[in-house]
There are 2 protein chains.
Amino acid sequence: MPYLKKCPPVPEPIDCRILTAALDLFVENGFHNVSIHEVQKRAQVSIGSIYNHFGGKEGVAQALYKHILNEMDELVETVMAEFPTPWQQCEAIIRQLFEHTETHRNIIAFVFHAKHTEFISQDPLMCHSAAFSKMRSIVRNGIEAGEFVDMDSWVLTSSIFGGAIRMIQLRLDGVIEKPLPEYGEMLLQTIRTGVFQERSDA
Amino acid sequence: MPYLKKCPPVPEPIDCRILTAALDLFVENGFHNVSIHEVQKRAQVSIGSIYNHFGGKEGVAQALYKHILNEMDELVETVMAEFPTPWQQCEAIIRQLFEHTETHRNIIAFVFHAKHTEFISQDPLMCHSAAFSKMRSIVRNGIEAGEFVDMDSWVLTSSIFGGAIRMIQLRLDGVIEKPLPEYGEMLLQTIRTGVFQERSDA
DNA sequence: GTCTATATATGGATAGAC
DNA sequence: GTCTATCCATATATAGAC
């Protein structure tokens with residue numbers, strides 16, 4: 001009789017339990033449709049603890065927000081260190097985001113789906129976050145290096161990442177039914193060379 | 001003394017007043033941060049009337065949702081009637097959306113910014129709406145006609161419209177500071193021919 | 001059909017024991 | 001630090017007069 005097996009491994013720290021419970025609930029039902037009582041119940045923690053650790057519901061959301069923005073930033077940072085050229089970096093970021101959409105669904109959903117200003121007062125607007133700033137600066141590097149076409153960097157950043165972000169949203173909504181990585185190369189192709197069929201008589 | 005001027009022209013019908021007030025408030029503060037009392041106050045209508053006409057706050061949101069999806073559908077419909085080729089239709093839709101973002105800001109914001117499932121139960125998911133379906137079918141037409149590259153239509157639709165949608169969101173968030181139509185041609189260029197600089201030595 | 005006043009529930013927040 | 005029980009504001013929804 002494997003007695004020791006019944007010992008739960010290492011119990012997760014309490015604030016971590018709260019955050020993961022909150023993330024799941026917020027993504028599933030939306031911030032405003034989730035009560036502290038529900039978070040408390042799912043996290044197996046008392047209300048008092050939630051107030052102790054985060055000061056309330058919005059405090060939980062803020063902590064979550066910061067934490068997840070950090071993760072995103074690290075993702076971009078890693079890619080930048082690993083690949084030399086701006087375009088390779090863009091490619092890698094899109095591939096990573098597609099992977100993450102499948103493996104860390106709720107994190108991605110929290111980043112791309114929610115309108116954070118609705119529940120985080122004094123919201124340092126997602127697109128001003130370190131991760132998104134870095135994505136734009138990659139694009140600027142590419143322009144300066146003569147790799148990308150020379151135009152407004154907001155437009156170009158939107159052109160490069162907009163399609164991917166759109167696909168992520170469609171995937172999260174369940175509209176796209178197959179895992180995103182299957183579509184990665186296709187998407188990258190259109191970003192590189194546009195959407196037109198090569199004219200065979202050209 | 002121009003006495004007649006003081007007569008308000010034709011008073012707007014009551015349900016219209018409610019909808020426009022609600023639209024503005026929902027976009028500004030988010031559905032859950034707006035109380036019926038605020039809508040009532042801004043629309044200069046009593047709470048009873050709101051319940052009579054729409055059955056409650058969610059009813060107002062649903063009516064708004066339907067109405068606005070209709071407008072979007074008409075926009076796409078008109079473009080399809082006016083332009084012959086799929087690509088011209090795509091171009092025109094993007095230009096129209098950019099225009100609308102400036103002239104009907106809150107309508108566009110309601111369409112692209114909100115996560116409707118959070119406040120509309122049984123939400124016929126935006127991307128399944130007539131307008132979005134038609135956009136995708138335009139893309140399919142382009143593929144069949146050999147105009148667009150032959151690939152999954154979700155990917156291609158995202159490639160074509162994703163950048164525009166992204167720019168609309170950035171504009172609504174105040175990140176992009178100039179009116180979108182200024183960027184229209186730039187964006188269309190990258191969709192057509194990709195993001196790379198033409199190599200002068202090619 | 002429109003209004004005002006009110007009932008009722010929900011849920012964020014706190015107090016105080018352990 | 002953690003818990004339970006309770007408070008109290010808010011906001012949806014309704015009742016009933018006009």
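Convention: sequence-line order gives letters A, B, ...; per-chain numbering from 1. Keep in mind it's a predicted model, so treat the numbers as computed, not measured.
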Nearest-nucleotide 5' precedence on DNA chain C, A:Gly48 against A:His37: A:His37
Whole-Å distance between C:dT2 C1' and B:Asp15 CG? 14 Å
A:Ser153 and A:Arg136: side-chain hydrogen bond (donor to acceptor under 3.5 Å, both in side chains), yes or no, with the steps? CA-CA 7 Å; A:Ser153 65; A:Arg136 180 152 162 259; 3.0 Å; yes
If you compare every side-chain N and O of B:Ser49 against the phosphate oxygens of C:dC3 (OP1, OP2), does one of them come in below 4.0 Å? yes
Parallel, tilted or perpendicular: rings of A:Phe148 and A:Trp87 (30°, 60°): perpendicular
Close side-chain approach of B:Thr190 to A:Met151, heavy-atom, < 4.5 Å: yes
Would you indicate whether the side-chain heavy atoms of B:Val60 and B:Val39 approach each other to under 4.5 Å? no
With the side chain of A:Ile47 defined as its heavy atoms from C-beta on, choose the nearest nucleotide among D:dA11, C:dA13, C:dG11. C:dA13
Once you apply a heavy-atom cut-off of 4.0 Å, does A:Ile14 come out as touching a base, just sugar-phosphate, or nothing? sugar-phosphate
Would you mind reading off the distance between A:Gln44 atom CD and D:dT2 atom P, rounded to a whole angstrom? 15 Å
When all nucleic acid strands are considered with a 4.0 Å heavy-atom cut-off, which category describes A:Val34: base, sugar-phosphate, or nothing? sugar-phosphate
Choose from C:dG12, D:dT12, D:dT2 the nucleotide whose nearest atom is closest to any side-chain atom of A:Ile36. C:dG12
Return the nearest nucleotide to the side chain of A:Ser46; candidates are C:dC3, C:dG12, D:dT2. D:dT2
Identify whether any heavy atom of A:His53 sits under 4.0 Å from a base atom; if not, whether one sits that close to sugar-phosphate; answer base, sugar-phosphate or nothing. sugar-phosphate
Whole-Å distance, B:Leu25 CG to D:dA11 P, equals 13 Å
